[in-house]
Every structure is written in structure tokens, then in C-alpha cells.
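What you are looking at is a predicted structure, and each value in this text was computed from that prediction instead of being measured. This chain uses plain numbering: 1 for the first residue, then up along the sequence. Heavy-atom basis, side chains included; hydrogens, waters and symmetry copies ignored.
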Amino acid sequence: MKTIGLFGLTFRSGNKGCSALAYSFLEILNKCVKEEMQIIVFSYLQNEKIVGYEEKLNIKIYPFSLNGIKNIKNLNDQIKNCDIVFDFTEGDSFSDIYGIKRAVKVSLTKEMTIRNNVPLVLGPQTYGPYYNLFIKKWAKRIVKKSYYACARDMTSSERMEKITKKKMDYYTDIAFALPADDKNHQMSNRKKIGINVSGLLMNGGYTGDNQFGLKVDYRQYIEGLIERILEEEDCEIHLIPHVISAVYDSVENDFKACNILKEKYPQVIVAPPFDTPMEAKRYMSEMDVFSGARMHATIGAFSMKVPTIPFSYSPKFEGLFNSLEYDYVIHGKTMSTKEAVDKTIEFIQNKNELIAKQQISIELIDKKLNALYKKITKILEAI
């Protein structure tokens with residue numbers, strides 16, 4: 001029986017986007033695996049838990065730490081037992097935009113896999129940007145030494161082709177393959193506008209000083225958007241968290257940010273803190289229009305054919321949605337706050353235009369996912 005190792009996929013994360021990637025890849029493996037295989041999920045979390053796939057796939061969870069020689073040696077021994085390793089780096093963490101320490105950690109496990117002569121497959125993800133020369137050179141080496149590396153968007157693909165001089169295929173974000181929970185929520189018959197509020201952007205990033213270099217004042221944007229919608233639309237506003245931190249006061253906690261806004265605007269509805277990304281996806285599917293700053297929240301709504309308006313704070317948004325020929329994106333790094341609010345309202349009022357363009361994008365998504373299924377099946381048959 002062959003063993004598949006999985007890195008960079010977290011099932012119990014407060015960030016439902018990270019969990020969406022993890023569950024989506026299990027869904028893909030369930031379609032692509034043609035023989036019995038052992039799947040080892042390498043997790044930073046000591047309390048990792050997977051819901052709903054125990055009977056479909058033979059899964060083992062291996063919590064690991066990179067603190068200390070003994071822990072690293074034990075991890076190395078486990079990697080040696082794998083016939084192949086797939087690594088997704090949480091979708092967008094193969095970069096140094098979240099700090100050098102994080103970049104080193106995600107690169108180290110890839111390096112260990114390569115040095116153990118275990119085939120490393122870098123699944124569809126964002127590569128870069130890289131501002132630190134050492135991290136950039138290390139990423140170049142990892143991609144060149146990998147068994148197969150692919151991107152989720154054309155921008156990342158072109159970036160790595162330029163760095164490595166090696167052709168890189170691109171597909172799309174695998175979270176488009178995530179199934180939705182089958183439990184509907186009790187909703188009114190009124191028009192429902194969903195807004196995914198990013199606690200991280202509300203707090204100015206991890207550093208608190210506009211870490212992502214936004215031209216838009218994000219807090220003013222969200223408040224301005226709520227006020228304009230309440231003035232112009234006979235509807236309900238649903239504030240929908242997609243990162244729900246165990247520590248309520250965490251700078252990343254969307255749920256806290258939504259509750260703060262609820263205090264100022266009591267007429268809005270705050271969605272419940274979801275346990276799984278499948279639950280979040282079902283809730284978002286019940287909106288008439290959806291806007292969000294968490295990329296996987298926008299992916300969840302988009303894949304359920306809800307007219308979607310992504311708010312971009314990072315090139316990963318433009319990379320993904322440009323690859324899908326969908327240009328209804330709010331550009332937080334280049335627009336003024338007023339421009340961003342006005343453009344979002346314009347998109348909401350012209351939702352039928354978004355729907356028409358979205359249908360073309362969904363056809364592209366289906367083609368890219370089918371191509372990915374074929375590629376993964378071929379890789380698994382070859383090992």
C-alpha cells in the first residue's frame with residue numbers, strides 16, 4: 001500500500017479558507033485515488049481533526065513540531081515513509097509577505113522532502129511575491145527540485161517561470177471543488193447582501209500599521225459600504241466571518257470585527273461562527289450578492305454562483321480572478337476609500353452583469369479542475 005503525505009493543509013484552522021483547501025483536496029483525492037492508499041496529514045496543530053472523510057479515505061494525522069532536533073528527526077523519519085508528498089503551503093504562504101520566520105518554516109518541510117528523495121508535488125497555490133533574496137533563491141531551488149509544481153493562477157505561474165526558467169502549469173484554486181454543507185439556514189425572503197469582514201484588515205494587519213499597504217481605509221470602507229447599502233437598498237446585510245479565532249481578541253478574528261460593527265449598526269445580521277468551511281459555504285450560498293476580503297470566502301460564494309465582489313489586499317486576488325477573466329474586483333491597494341465604496345455599490349446594483357460574466361468564469365473553473373483531476377490521477381499512477 002502506497003503512502004501519500006500532505007503538508008500545508010489544515011482542517012481545524014480558525015481560518016476557514018485554509019480548511020477549505022484541506023477538505024477540497026480530500027475531495028479531489030477521493031476522485032483520483034484508484035487503489036487503497038494511506039494518507040498522512042502532517043499538521044502543525046496538536047488537536048487536528050477531520051470531519052466526514054474517515055470512511056472514504058484511509059487517513060492518519062501526524063502532529064509535528066519544528067522546535068528541537070528530536071522533533072525534526074522524528075518528522076524526517078515520517079517523511080521517509082511516504083511514497084509521495086503533496087504540499088499546498090496553505091494556499092498563499094509560499095512567500096515572505098507574512099514574515100521571514102513563516103517563510104523559513106514552510107520551506108524547511110519542502111527541503112526535507114526533497115533531501116529524502118521523496119517526490120514533492122507543489123499543488124495549485126500562489127508563489128511569491130518574494131522580497132527577501134535568500135527566500136527567493138530557496139523557493140527557486142525547491143520548485144526546480146520538485147517532482148511537479150503548479151500554480152493556481154497565471155500571475156504566479158509567470159513569476160516562477162521567470163525565476164526558475166522552468167515552465168509551470170496553472171489550474172485554479174482547489175477550494176472551488178469544496179462541497180457545501182446540506183443544512184440550509186432560516187432566512188427571510190428579503191434581498192440579502194453578504195459582507196465578509198476581515199478582522200486582519202480592520203486591525204491594520206499583524207503589525208497594526210497598514211501592513212498590506214492599502215490605499216483604502218478598510219474600516220471606513222466597510223462602514224461606508226454598510227451605510228450606503230442601508231440608504232439605497234431595501235435588504236438585509238449579513239456580516240459573515242471566515243476567520244474565527246479561538247482567541248476572541250486576536251487581530252485575525254473576523255467574528256469580533258463583525259460584532260464591533262453590529263454595535264454601531266444594530267440592524268445588520270451577524271452570521272454564526274462556523275465550525276467547517278462547508279457550513280460557511282452553505283450560508284454564503286443563500287446571499288443574493290456577496291462581497292469579501294477573505295479570498296476563500298469569495299471563492300466559496302463564487303462557486304455557488306452568488307454574484308461576488310472580491311476586495312483585494314494582495315496580488316493573489318488579481319492573479320486568481322484575472323485567470324478566470326473576472327474583473328469585478330475592488331482594488332484596495334490602488335483605489336481611494338470613496339472609489340472603493342462607489343464601485344462596490346455600482347457592482348451590487350448591476351449584479352446581473354456580474355452573473356453573466358460569472359457563468360463564463362465557472363466554465364473555465366470546471367475545465368481547469370478537470371485538467372487537475374487528470375494530472376493528479378496520472379501522478380499517483382506513476383509513483
Side-chain angles (χ1 to χ4, degrees), residues 7-10 15 18 21 42 44 64-69 71-72 75-76 79 85-171 173 200-201 204-215 251-252 295 312-320 322-323 331-334:
F7 275 102
L9 294 173
T10 308
N15 186 327
C18 295
L21 285 175
F42 292 97
Y44 285 111
F64 74 93
S65 169
L66 293 174
N67 295 325
I69 300 295
N71 286 329
I72 293 174
L75 174 60
N76 196 62
I79 292 173
V85 165
F86 289 86
D87 194 323
F88 286 82
T89 331
E90 309 292 356
D92 69 345
S93 291
F94 201 5
S95 170
D96 55 24
I97 61 170
Y98 297 115
I100 301 300
K101 183 178 179 180
R102 186 166 173 177
V104 168
K105 286 176 68 176
V106 301
S107 298
L108 183 58
T109 54
K110 296 173 178 60
E111 183 70 30
M112 291 167 70
T113 304
I114 290 167
R115 294 200 178 199
N116 279 306
N117 294 314
V118 175
L120 172 66
V121 176
L122 298 174
Q125 59 190 281
T126 297
Y127 295 81
Y130 303 104
Y131 299 103
N132 180 280
L133 184 59
F134 171 75
I135 297 298
K136 183 177 181 179
K137 286 183 176 180
W138 199 359
K140 175 182 176 180
R141 168 187 157 76
I142 288 168
V143 170
K144 292 187 75 170
K145 293 286 186 179
S146 63
Y147 181 83
Y148 181 69
C150 58
R152 64 183 176 186
D153 61 82
M154 186 186 298
T155 302
S156 285
S157 173
E158 291 176 346
R159 176 182 289 125
M160 294 316 292
E161 285 178 359
K162 186 176 180 180
I163 291 173
T164 65
K165 311 303 179 188
K166 177 181 177 180
K167 187 180 184 306
M168 177 177 282
D169 298 327
Y170 75 91
Y171 298 94
D173 195 292
L200 187 61
L201 296 187
Y206 296 108
T207 60
D209 60 355
N210 190 19
Q211 180 182 7
F212 300 106
L214 298 185
K215 185 176 179 183
V251 296
E252 286 200 87
M295 194 171 82
S312 170
Y313 69 90
S314 158
K316 66 183 179 180
F317 283 84
E318 285 82 2
L320 177 66
N322 287 349
S323 296
H331 305 284
K333 294 172 79 75
T334 58

Hey, are N76 and N116 close enough side-chain-wise for a donor-acceptor pair under 3.5 Å?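 Present: a donor and an acceptor within the cut-off.
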T155 and E318: side chain donor to acceptor below 3.5 Å: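 The answer is no; no qualifying pair exists.
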Whether the side chain of [X] engages the backbone of [Y] through a donor-acceptor N/O pair (distance < 3.5 Å, no angle test) should be reported.
X    : Y    : answer
E90  : C18  : no
K166 : V143 : yes
S156 : Y127 : yes
S323 : M154 : yes
R102 : S93  : no

Approximate separation, where rounding is to 0.5 Å, of [X] [atom1] and [Y] [atom2]:
X    : Y    : atom1 : atom2 : result
I72  : L66  : CD1   : CG    : 5.5 Å
I79  : K110 : CD1   : NZ    : 11.0 Å
I97  : Y313 : CD1   : OH    : 7.0 Å
R152 : Q125 : CZ    : CD    : 8.0 Å
F212 : T207 : CZ    : OG1   : 8.0 Å
N210 : K333 : CG    : NZ    : 8.0 Å

Are any of the side-chain heavy atoms of [X] and [Y] separated by less than 4.5 Å?
X    : Y    : result
T126 : T89  : no
I142 : L120 : yes
K140 : T164 : yes
W138 : V104 : yes

Less than 3.5 Å apart, which donor and acceptor atoms pair up between the side chains of residues 129-137 and the rest of the protein, not counting sequence neighbours?
from, atom 1, to, atom 2, distance (Å)
Y130, OH, F94, O, 2.9
Y130, OH, G128, N, 3.4
N132, OD1, F134, N, 2.9
N132, OD1, I135, N, 3.0

Apply ring pair (Phe, Tyr, Trp, His ring centres under 6.0 Å) to residues F7 and F64 and explain how you reach the verdict. CA-CA 11 Å; F7 275 102; F64 74 93; 5.6 Å; yes
